[in-house]
Q: 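Below is one structure. I have some questions about it.
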Amino acid sequence: MSRNSMQWRQRPKLPPTHFADPSIYSDPDLFEEEKEKIFKHAWWLAVHESELPAPGDFRTYRHPGDAQLVIVRGEDMKVRAFLNICPHRGNLLVYAPSGNAKNLVCIFHQWAFNGKGDCVDIPREKAGYQERICRNDVALREVRTAVSYGGFVWVNLDDNAPSLESEIGSALDYMLPELEAEPMQTLWYYQARLKTNFKLIHDTNSEFYHDYLHIYNRITGMLKPDTGYFQRKYTAFPGGHASVGSMNVSYESYKSSGRGQLGWPHLAPNGWKLVDLFPCITFNLRTSVLRIDSYIPVAPDDVIYEFRLLGLKSDSPEIRRQREKDSAVIWGPFGRNLHEDLLASSGQGMAMANGSEAMYVLQAREEDLTIHDEVGMRHYLAEWSRRIGRSSSDPYASERLAARAA
Amino acid sequence: MTHTVDRSELEELVYETCARLDEKDFKGFLGLCDPAFAYKVSAYAPEVQREMTWLDRDRAEIEEFFGMLPKHNTDRNPLSRHAQVTKVRLDAARQRAEVTSTVQIFRTQLDGGATELFAVGRYLDTISLQADAPRLLARHVKLDTRDLGWGTHLPL
Ligand code: FES
Ligand SMILES: [Fe+2]
């Protein structure tokens, strides 16, 4: 029987860990809290070191904590990140997303900065500032940077945040042999603006019950008992991270998959490993390519989806072409699965927009931590609740209690 | 048999491929293609200074893909491809023509009918002149647009 308004908005008779209040996906105030309490203190995967191979190479990154960054490889080959802002009158220092420069020179009044962030030139310095200000006083603001877990460049705006290693813990350990086997190379960088909440799209990487969305997954995995499909287990790690156990995908079942011939060092042929990191980064390694999803939340209903594809630096052009081809079948803007994933998470964004009469979101499947168990999302929201200081199933409980007392 | 063509015949072929795809008449589209047809979509990413090949399919792969399309969940808002042939180079020795077009692809919402620009780029077509009518031998869609939102399953 259908439900009336009150029944529809009723809390499910489940433990509070097993459902989420829909406002966590749409409420602008909660989004501001996420920014203050999570985004500005988290380690974000900004770029891959192969995107700035030579001294003087730079890349820009739009940080979810509302900061523009520029990441530079110095003369000493060290990768450093700075706020992309000129300390003179606050102009954007670098406009292009990538490039090479001996010094970063601001177009406005030509102040120049080297790869260590030192100011190395101020036109007519003494004439205007005499002894009151000198170039030593106006260096760039350096942002904490770590190059790790396969050459990714991670940044953190919070000078006092725990180290990257302590935040990730052992979550990436099971993929480390593959990540560190050989230097990697970014092959694709793809960005798409989506009208949805970043957590909803991250969820599509942490729940596999949505195999029902993908004809491809049903054919190559779910309907093939010998692949170990239903035996895969989630492992939850402290900090809201989770991994999914390896399986063998029978790509042969899908004729034009083109997969299976070309592998990845240390990964079993046809293997698959996936790690979701809090707050919204996914490492996804399938047979011949590493896919990295990272999200830049812009507003509760607006996210920049970043998608990278990586191969190996040692690849010949033919191997590189094959990796791209392997990936294009499922992933990429024309891939069979990515389009379906983005349709679904965008559909959630549309249906549960702020002000809609959305119901509590169910995350209640329990299947002994196997692949259709929804523990991945529960584990994520437990960490979210801890960091925000609010329950994901009842985020405004304290305000309600206070109002009642008053 | 060497087929002599004039430019308008080649232009018509390009425009007809657009019309067949716009109508999701994949059989009709393949009917305009050579048995050795190859299809590719690429875009240059300034972020990483690399050409990315987002699709790379031979005729068998594209046929299989068209066959699977009804089983996929997919964006059903229609696309319309507006091409303009800008350059034709005949290679008489190889009985081929290289035809370049600019293309704008629009998407019209089924719900409400609003039209938005979906992508811009170029078609770099190789057309075979060996048969009695020109046939599309290879199409390389070189996109300027890289943010395609939730994407599409359809060839552009
Ligand atoms: S604002 Fe950059 S030099 Fe003046
Ligand atoms: Fe998916």
Side-chain angles (χ1 to χ4, degrees), chain A residues 47-48 50-52 57 59-61 96-100 185-196 212-216 218-219 254-258 304-306 308-309 320-329 331-347, chain B residues 21 38-77 79 105 107 109-112 116-119 121 139-141 143-156:
Chain A
V47 298
H48 187 258
S50 66
E51 297 164 27
L52 46 169
D57 283 351
R59 282 279 283 116
T60 56
Y61 175 62
S98 72
N100 180 281
Q185 172 71 53
T186 303
L187 303 181
W188 290 1
Y189 173 81
Y190 172 55
Q191 195 183 82
R193 195 81 180 240
L194 298 164
K195 297 293 287 174
T196 191
Y212 287 98
L213 174 69
H214 304 307
I215 177 71
Y216 188 87
R218 296 202 296 275
I219 294 177
Y254 202 115
K255 271 187 263 131
S256 68
S257 71
I304 298 170
Y305 169 57
E306 291 189 299
R308 276 184 174 76
L309 190 76
R320 204 158 275 171
R321 182 177 176 215
Q322 187 60 45
R323 291 198 201 281
E324 285 190 279
K325 201 170 152 88
D326 287 355
S327 181
V329 175
W331 299 334
F334 303 90
R336 299 170 190 279
N337 281 20
L338 186 68
H339 176 46
E340 292 175 330
D341 284 327
L342 300 184
L343 274 179
S345 47
S346 302
Chain B
L21 289 174
Y39 178 80
K40 180 171 142 168
V41 181
S42 77
Y44 178 79
E47 295 89 352
V48 296
Q49 301 183 22
R50 296 183 79 85
E51 189 78 15
M52 308 176 285
T53 304
W54 280 342
L55 264 187
D56 187 356
R57 289 186 174 137
D58 61 25
R59 176 149 185 154
E61 288 166 336
I62 207 161
E63 274 179 26
E64 200 233 345
F65 171 76
F66 285 146
M68 285 299 289
L69 205 51
K71 295 190 176 164
H72 276 282
N73 290 300
T74 197
D75 179 10
R76 307 210 178 270
N77 295 311
L79 298 177
I105 299 153
R107 180 163 58 190
Q109 300 296 328
L110 289 171
D111 184 359
E116 70 204 353
L117 186 60
F118 181 67
R139 169 161 290 170
H140 177 181
V141 184
L143 288 175
D144 296 326
T145 305
R146 285 167 291 125
D147 181 344
L148 298 169
W150 63 32
T152 178
H153 283 136
L154 297 172
L156 297 182

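Letters A, B, ... are given to chains in the order of the sequence lines, protein chains preceding strands, and every chain is numbered from 1. Everything numeric here is computed off the predicted structure, so don't read it as measured data.
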Q: What closest approach, in Å, do B:Gln49 and A:Gly99 show between heavy atoms, and which atom pair accounts for it?
A: NE2-N, 3.7 Å
Q: What do you reckon, is CZ of A:Arg321 surrounded by more than 12 foreign heavy atoms closer than 6.0 Å?
A: no
Q: Which heavy-atom pair separates A:Lys325 from B:Asp58 by the least distance, and what is that distance?
A: NZ-N, 4.5 Å
Q: In Å and rounded to the nearest 0.5 Å, what is the OG1 to CD distance from A:Thr186 to B:Glu47?
A: 11.0 Å
Q: Taking the side chain as every heavy atom from C-beta outward, state whether B:Lys71 and A:Ile219 have any pair of such atoms under 4.5 Å apart.
A: no
Q: Please give me the minimum heavy-atom distance between B:His153 and A:Arg336, naming the atom from each residue.
A: NE2-O, 2.9 Å
Q: Kindly say whether A:His214 contributes a backbone atom to a donor-acceptor pair with the side chain of B:His72 at under 3.5 angstrom?
A: no
Q: Can you tell me how far apart CG (A:Leu343) and OG1 (B:Thr152) are? Round to the nearest 0.5 Å.
A: 9.0 Å
Q: Please look at B:Arg146 and chain A and tell me whether the side chain, the backbone, both or neither of the residue comes under 4.5 angstrom of a heavy atom of that chain.
A: backbone
Q: Top residue by heavy-atom pair count (under 4.5 Å) with chain A, among B:Asp56, B:Asp75, B:Leu156, B:Leu148?
A: B:Asp56
Q: Do A:Glu324 and B:Arg50 sit within salt-bridge range, that is, some charged N less than 4.0 Å from a carboxylate O?
A: no
Q: Checking heavy atoms, do the side chain of A:Leu213, its backbone, both or neither come under 4.5 Å from chain B?
A: both
Q: Identify the two heavy atoms, one from B:Pro46 and one from A:Ser98, that lie closest to each other, and give their separation to 0.1 Å.
A: O-OG, 2.6 Å
Q: Any chance you could measure B:Thr53, atom OG1, to A:Leu187, atom CG, to the nearest 0.5 Å?
A: 10.0 Å
Q: Taking side chain as everything from C-beta outward and backbone as N, CA, C, O, which of these in A:Arg308 sits under 4.5 Å from a heavy atom of chain B? Side chain, backbone, both or neither.
A: neither
Q: Heavy-atom cut-off 4.5 Å, strictly under: side chain, backbone, both or neither for A:Arg193 against chain B?
A: both
Q: Should the pair B:Trp54 and A:Phe334 be assigned to parallel (<30°), tilted (30 to 60°) or perpendicular (>60°) ring geometry?
A: tilted
Q: At a 4.5 Å cut-off on heavy atoms, which part of B:Leu154 comes close to chain A: side chain, backbone, both, or neither?
A: backbone
Q: Need one label for A:Glu306: side chain, backbone, both or neither, based on atoms under 4.5 Å from any heavy atom in chain B.
A: neither
Q: Tell me, side chain or backbone of B:Ile62 under 4.5 Å from chain A's heavy atoms, or both, or neither?
A: neither
